[in-house]
Q: 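One structure, as structure tokens, below. Some questions next.
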Number of protein chains: 2
Amino acid sequence: MIENGASNEATDTADPYAAVLRPVRSGNTFEETVEKVLQLIRLGLVPVGDRLPPERELADRLQISRVTLREALKVLQDAGVLEVRRGRYGGAFVLAPAPTPAAASGGAALRRRAEQLGDRLEDTLLFRQVLELGAAELCAARRPQGVEAERLQLLLAETGAASLEEYRRLDTRLHLAIAELSGSASVAAQYAAVRATVNELLDCIPLLTPNLQHSQRQHEELIDAILAGDQTRARVAMREHLAGTAALLRGFLS
Amino acid sequence: MIENGASNEATDTADPYAAVLRPVRSGNTFEETVEKVLQLIRLGLVPVGDRLPPERELADRLQISRVTLREALKVLQDAGVLEVRRGRYGGAFVLAPAPTPAAASGGAALRRRAEQLGDRLEDTLLFRQVLELGAAELCAARRPQGVEAERLQLLLAETGAASLEEYRRLDTRLHLAIAELSGSASVAAQYAAVRATVNELLDCIPLLTPNLQHSQRQHEELIDAILAGDQTRARVAMREHLAGTAALLRGFLS
DNA sequence: CTTTAAAGGTATGGCCTTGTACCATTGGAA
DNA sequence: TTCCAATGGTACAAGGCCATACCTTTAAAG
């Protein structure tokens, strides 16, 4: 006498549990920690030459033991991503990435990355769009004022004045700031994760000055709409901005 | 000689790492597993009286050992959420929730839950909105056809024909289906998690027939817009639909 | 030059989690 | 009635992760 009648409904086609029954953890603690630290670097939150927060603080904030954190740092050190110095004023410093023939390869590196992602590439781009459009709209709805508005304007100005090398890092910061000003920590956290993946792809293709100028004009329109509290305009501006990036990626992938 | 110049920029006001440096894991494996199983139940994916998938399958899909899964099931069994029977055709069956004085209490239980969530309440509602609006728009953009369109129409019809007791479960399934048809597994997974939390709150307040009818009219408009491929209309319809729920919750919370 | 505070480096014991194999129970099928 | 396959129940050893305490190094401060 198994009362299974109620469950045999419209969802029988697909796996009804698919959205819930995913891996509880995407790897062991140490692997996830490596990813977190790489996120800090890929997002440009810790620029090349700067150092990470002290081990004790990192372990504390990631809620892991220092032992496990150190294993992760060890791997990144061996990989040439970090340089660790002892003593006071020491720490883990971010090294310049090895000069890979990425940008000049005409998209070969990008295709490799995209293949590694597989099905998750489409997922990543769609999820990014949902988060980014939602963040822009929420941010506009809150209509930042005072220090928050000034922060956006400062980031906008810095991004506009950035060199080609700095642009992607400052662009990331501007977008992340919008996500944070959405008022939802979850939106900000998920965006940070997804943007780190996107940056990994973007770092495989060259950035051109015309693209940059076009992008910056869109930034100005976006921030203007946000500060005016115009949700619809903010969303439209963000959508156009994202369309540019998506077209860029698709162009190199096809 | 610490090269810290580049990092002292506009983001100094807030914690620049806040979006990344969050706990790697929100508890031990066993706790997260309990949450996952509760999600299955709160979302109505496994209705009262039905049984969960076998332990071996659950452990497999959650990527945890059977031992750990069993610890989680043991807790839920002791809490009176599950009844476990041995032998062939046995399994873990979902029991009816204890008749708490929830709905009749005029919002006391809701306030308690909301207090437990604390700051995460606002986060949850905002994150839900971002996901749900984004999912509706993406779903409309894909313009489901064939079996997908039929599935939506069937779920819509079932939800419309549902009794008061069944309504919330079928409503959840309809929304989850839209999230799945967004084409992004991340959107679906995040929505499932956030909706489980929202349901926990909604289960504290009574559902009235007028609300239900109003809600169903909005469902019809929403599905109509999605099947027509009208992204803007889908988004507007979803926004109005969510406004109703939000107003309901805020009404009971103030 | 000595001191000192802040940082990384190391060691130990215990709990959590896993993989694997096997046992026990049960209701339907033969 | 007997058998069997699906399901939950148990045991054990190995590895992962953690809290804690303590050691070592370094460069600025005095």
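In this text the structure is predicted, and so the values were computed from the model without any measurement. Chain letters run A, B, ... following the sequence lines, proteins first, then strands; residues in each count from 1.
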Q: Which residues in residues 31-42 of chain A have at least one heavy atom lying under 4.0 Å from any atom of DNA chain C?
A: none
Q: Could you work out, with salt bridge (Lys or Arg N to Asp or Glu O under 4.0 Å) as the rule, every residue matching A:Arg22, not counting sequence neighbours?
A: none
Q: Using nucleotides 5-9 of chain D, report all nitrogen or oxygen pairs with the protein that are shorter than 3.5 Å.
A:
unit_1	atom_1	unit_2	atom_2	d
D:dA6	O4'	B:Arg88	NE	3.3
D:dA6	N3	B:Arg88	N	3.4
D:dG8	OP2	B:Glu55	N	3.1
D:dG8	N7	B:Arg56	NH1	3.1
D:dG8	O6	B:Arg56	NH2	3.1
D:dG8	N2	B:Arg86	NH2	3.2
D:dG9	OP2	B:Arg70	NH1	2.4
D:dG9	OP2	B:Arg70	NH2	3.3
D:dG9	N7	B:Arg66	NH2	2.7
D:dG9	O6	B:Arg66	NH1	3.1

Q: Using whole Å, report how far CG of B:Leu69 lies from P of C:dT17.
A: 13 Å
Q: Once side chain to side chain contact (heavy atoms under 4.5 Å, CB included) is applied, do any residues pair with A:Gln153, and if so which ones, sequence neighbours excluded?
A: A:Leu227
Q: Please enumerate all residues that pass side-chain hydrogen bond (donor to acceptor under 3.5 Å, both in side chains) together with A:Ser26, with sequence neighbours excluded.
A: none
Q: Who are the salt bridge (Lys or Arg N to Asp or Glu O under 4.0 Å) partners of B:Glu31, not counting sequence neighbours?
A: none
Q: Sequence neighbours left out, what passes side-chain hydrogen bond (donor to acceptor under 3.5 Å, both in side chains) with B:Gln129? Give chain and number order.
A: none
Q: Please pick, from D:dC17, C:dA11, C:dC16, the nucleotide with the shortest atom-to-atom distance to any side-chain atom of A:Val67.
A: C:dA11
Q: Could you pull out all residues at least two apart from A:Glu150 that satisfy salt bridge (Lys or Arg N to Asp or Glu O under 4.0 Å)?
A: none
Q: For B:Leu176, does its backbone N or O pair with a side-chain atom of B:Arg195 as donor and acceptor, under 3.5 Å?
A: no
Q: Kindly write out the residues that satisfy salt bridge (Lys or Arg N to Asp or Glu O under 4.0 Å) with A:Arg25, not counting sequence neighbours, or none if the list is empty.
A: B:Glu32
Q: Rounded to whole angstrom units, what separation is found between the CZ atom of A:Phe93 and the P atom of D:dA27?
A: 10 Å
